[in-house]
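Data first, discussion second: the structure below is written as structure tokens.
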Amino acid sequence: MSAHFLPPCVPLSRVDETLAQQGFALMDARSVCDWLALEPQGLAALQPSWDDLPSDQYLKDGGRYRRRRHSCFVVDGERVEPVPHRAHWQPLEYNALHGGMERWFDPMDPATVALPAWQRLLVQTAAVTSALKGAQRWYIEAHQFRIDTTDGIGRPTPEGAHRDGVELVAVFLVGRHRIKGGESRVFDAHGPNGQRFTLTEPWSLLLLDDARVIHETTPIQPQDADAIGWRDTLVLTCRAGGFQGD
């Protein structure tokens with residue numbers, strides 16, 4: 001088994017402070033449950049929806065390794081408003097590989113969006129963004145990803161190290177199955193400093209101040225030659241003022 005660099009998780013009481021100081025912060029699953037005021041089974045109720053993600057038809061490298069769904073919300077305090085389904089769009093400045101084009105992905109399952117855990121995820125992610133950037137309405141894009149080893153290798157970030165053009169990025173590891181690799185790397189956007197670690201615990205969380213850090217995840221490979229492995233994540237991006245492409 002390949003070696004893993006352990007994530008430098010911090011206690012819940014230090015998350016806002018750590019995020020403000022270094023531009024990123026990590027929480028283990030227990031802290032995430034406390035942060036959301038949920039029991040583990042509440043989050044576990046979301047997990048089956050990752051088994052029903054359609055293939056990403058926009059990969060410019062011709063790969064078949066990514067499945068995803070995408071939905072958008074506006075969060076103002078405790079109020080969560082789903083918005084009509086819309087394309088995901090990024091400028092080339094932030095995504096040199098897939099930027100500059102409208103990408104229409106299937107929306108999240110309404111039954112998943114209706115779960116109490118989903119509402120808590122959105123509200124708390126908006127709250128941590130407000131603590132960092134100031135209280136306001138947040139325009140949140142939600143991405144469910146499954147990266148698998150169908151092609152022998154799966155690329156969580158085929159665009160390479162990048163920023164997303166938002167205020168905050170929240171990366172939840174939903175699960176890993178029979179893979180190696182998938183190391184997270186976070187770099188100072190304006191200097192040489194960086195850290196690397198591997199998220200392995202379901203529902204552990206990486207929070208990123210998108211203005212200050214660049215991030216990527218290394219490719220995954222199957223742990224066993226005769227089996228397909230995968231890595232499931234939930235990525236929430238919070239942006240002020242509107243969605244990209246408005």
Side-chain angles (χ1 to χ4, degrees), residues 15 19-20 22-27 56 58-61 66-75 83 86-105 107-108 121-122 124-134 136-147 155-174 182-191 193-197 199 204-219 231-246:
V15 167
L19 183 59
Q22 66 181 22
F24 71 96
L26 290 117
M27 277 191 268
D56 185 335
Y58 294 94
L59 289 170
K60 286 190 173 180
D61 63 4
R66 184 157 74 181
R67 297 175 177 274
R68 69 191 295 180
R69 290 183 184 272
H70 167 253
S71 290
C72 296
F73 307 83
V74 177
V75 180
V83 302
R86 53 182 290 129
H88 176 50
W89 185 88
Q90 293 175 291
L92 286 166
E93 173 189 359
Y94 293 112
N95 190 329
L97 186 61
H98 296 115
M101 63 177 178
E102 289 191 342
R103 289 182 285 167
W104 288 92
F105 302 109
M108 293 181 62
L121 279 167
L122 294 177
Q124 287 304 102
T125 301
V128 80
T129 313
S130 287
L132 182 67
K133 302 289 185 177
Q136 55 193 288
R137 287 164 58 91
W138 293 108
Y139 296 78
I140 298 183
E141 294 195 50
H143 305 265
Q144 291 180 290
F145 289 108
R146 170 166 287 181
I147 308 299
R155 295 177 174 85
T157 51
E159 65 272 37
H162 65 282
R163 291 168 53 210
D164 287 318
V166 298
E167 271 59 52
L168 181 123
V169 180
V171 181
F172 297 84
L173 179 76
V174 178
E183 178 182 274
S184 299
R185 297 178 177 178
V186 180
F187 308 96
D188 187 330
H190 309 289
N193 295 329
Q195 288 205 36
R196 52 194 288 209
F197 44 84
L199 299 174
S204 51
L205 168 62
L206 168 61
L207 297 167
L208 302 157
D209 181 345
D210 193 58
R212 294 179 56 191
V213 297
I214 297 169
H215 64 280
E216 67 175 343
T217 304
T218 63
R231 180 179 185 266
D232 290 349
T233 56
L234 169 66
V235 177
L236 302 179
T237 63
C238 291
R239 192 170 187 268
F243 297 105
Q244 291 192 96
D246 284 349

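Shown here are the side-chain hydrogen bond (donor to acceptor under 3.5 Å, both in side chains) partners of S130, two or more places apart in sequence or in another chain: W138. In this view, Y139 and F243 satisfy the ring pair (Phe, Tyr, Trp, His ring centres under 6.0 Å) rule, not counting sequence neighbours. Evaluation of the side-chain contact (heavy atoms from CB on, under 4.5 Å) rule for D188 yields H190, N193 as partners, not counting sequence neighbours. Residues passing the side-chain hydrogen bond (donor to acceptor under 3.5 Å, both in side chains) test with R137, sequence neighbours excluded: none. With sequence neighbours left out, the ring pair (Phe, Tyr, Trp, His ring centres under 6.0 Å) criterion links H88 to H70, H143. With sequence neighbours excluded, no residue satisfies ring pair (Phe, Tyr, Trp, His ring centres under 6.0 Å) with F187. Taking the side-chain contact (heavy atoms from CB on, under 4.5 Å) definition, one finds that T217 meets it with P156, T157, S184, R231, sequence neighbours left out. Every salt bridge (charged side-chain N to carboxylate O under 4.0 Å, His left out) that R68 has, sequence neighbours left out, goes to D56. Not counting sequence neighbours, the partners of A87 by the side-chain contact (heavy atoms from CB on, under 4.5 Å) test are E102, W104. Remark: D209 pairs with K133 by the side-chain hydrogen bond (donor to acceptor under 3.5 Å, both in side chains) rule, at least two apart or across chains. By the side-chain contact (heavy atoms from CB on, under 4.5 Å) test, A127 is found to be paired with Q124, residues two or more places apart in sequence or in another chain being considered.
Rounding to the nearest 0.5 Å gives a distance of 11.0 Å between CG of D164 and CD1 of I214. With rounding to the nearest 0.5 angstrom, the CG atom of L236 is 9.0 Å from the CG atom of L168. Taking CZ from F24 and CG from L208, the interatomic distance works out to 8.5 Å, rounded to the nearest 0.5 Å. Separating the CZ atom in F197 from the CD atom in E183 is a distance of 9.0 Å, to the nearest 0.5 Å. Interatomic distance, CD1 of I140 versus CG of L122, reported as 5.0 Å (0.5 Å rounding).
In this structure, the side chains of Q144 and V174 stay at 4.5 Å or more apart for every pair of heavy atoms. In this structure, L234 and L121 have side chains that are in contact, with non-hydrogen atoms separated by less than 4.5 Å. Taking the side chain as every heavy atom from C-beta outward, V213 and Q22 never approach each other to under 4.5 Å.
Within the structure, every pair that satisfies the side chain to side chain donor-acceptor pair (under 3.5 Å) test and touches residues 232-242, not counting sequence neighbours, is listed here: R146-D232.
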- Query: How far apart are the C-alpha atoms of Q244 and V166, what are their side-chain angles, what is the distance that settles it, and do they pass the side-chain contact (heavy atoms from CB on, under 4.5 Å) test?
  - Reply: CA-CA 8 Å; Q244 291 192 96; V166 298; 4.2 Å; yes
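Closest of all the heavy-atom pairs between R69 and P107 is NH1-O, 2.8 Å. V83 approaches F73 most closely through the heavy-atom pair CG2-N, 4.2 Å. Across all non-hydrogen atoms, the minimal contact from A240 to E167 is N-OE1, 2.7 Å. What you find for L173 and L199 is that their closest heavy atoms are CD2-O, 3.2 Å. Taking each heavy atom of R155 and I147 in turn, the nearest pair found is N-CG2, 3.6 Å. In terms of heavy atoms, L132 sits closest to A20 at CD1-CA, 3.9 Å.
A donor-acceptor pair is defined here as one N or O able to donate and one able to accept, closer than 3.5 Å; such a pair exists between the side chain of H162 and the backbone of H215.
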